Amino acid sequence: MSIRRPFIATYIMANGRNGATNVGMTSNLHARVWKHKNGTYDGYSMDKGCTSLVWYEQHQWVVEAIRREKRIKGWKRDWKLKLIEDANPDWLDLAADWYPVNDPAWVPPSEAD
């Protein structure tokens, strides 16, 4: 199993193709996505069942990720969907293979932010 290092990112979770989307940012994408997938990240994403990571962009600095998150949140829905479609036309869950299945020794990533 490979170790995933935390990194800063702006991301979009979705509940399906052209469905509800949630834009966020984090300093530990792997831990945050785990929370979304397991329904432990309260809010809109949990209410709408946004459990698939359909887009993300890595950043060097938190301020860059925050700026990008705010910009995308201000966009029209069509623009957000185009952003996803351009990078991930099949709306695949980009984190589908990030977490081990049936490994009793595995511990979920912790998130400090």
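Not measured: the values here are computed from a predicted model. For reference, positions follow the sequence shown, starting with 1.
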From W98 atom CH2 to D93 atom CG, the distance as rounded to the nearest 0.5 Å: 8.5 Å
same_hphob_cluster(Y99, M46) at 4.5 Å side-chain heavy-atom cutoff: no
From OG (S45) to CE (M13), nearest 0.5 Å: 5.5 Å
Approximate separation, where rounding is to 0.5 Å, of K48 NZ and N22 CG: 11.5 Å
ILVMFWY cluster, F7 and V33 together (side-chain gap under 4.5 Å): yes
Shared hydrophobic cluster for Y41 and V23 (ILVMFWY, side-chain gaps under 4.5 Å): no
Check residues 69-79 and write down every donor-acceptor pair under 3.5 Å in which the side-chain atom is one partner and the other belongs to a residue at least two apart or another chain.
{"residue": "E69", "atom": "OE2", "partner": "K73", "partner atom": "NZ", "Å": "3.2"}
{"residue": "W75", "atom": "NE1", "partner": "R71", "partner atom": "O", "Å": "3.3"}
{"residue": "R77", "atom": "NH1", "partner": "G19", "partner atom": "O", "Å": "3.2"}
{"residue": "R77", "atom": "NH2", "partner": "N18", "partner atom": "O", "Å": "2.6"}
{"residue": "R77", "atom": "NH2", "partner": "G19", "partner atom": "O", "Å": "2.8"}

Return a table of donor-acceptor pairs under 3.5 angstrom between the side chains of residues 50-60 and protein atoms on other chains or two or more places apart.
{"residue": "E57", "atom": "OE1", "partner": "H59", "partner atom": "NE2", "Å": "3.3"}
{"residue": "E57", "atom": "OE1", "partner": "R68", "partner atom": "NE", "Å": "2.8"}
{"residue": "E57", "atom": "OE2", "partner": "R68", "partner atom": "NH2", "Å": "3.3"}
{"residue": "H59", "atom": "NE2", "partner": "T10", "partner atom": "OG1", "Å": "3.0"}

Sub-4.5 Å side-chain heavy-atom contact between W91 and I84: yes
Separation of D47 CG from D42 CG (nearest 0.5 Å): 8.0 Å
Salt bridge (charged side-chain N to carboxylate O under 4.0 Å, His left out) pairs, two or more places apart, involving residues 9-30: R17-E85
Side chain N15, main chain G49, donor-acceptor under 3.5 Å: no
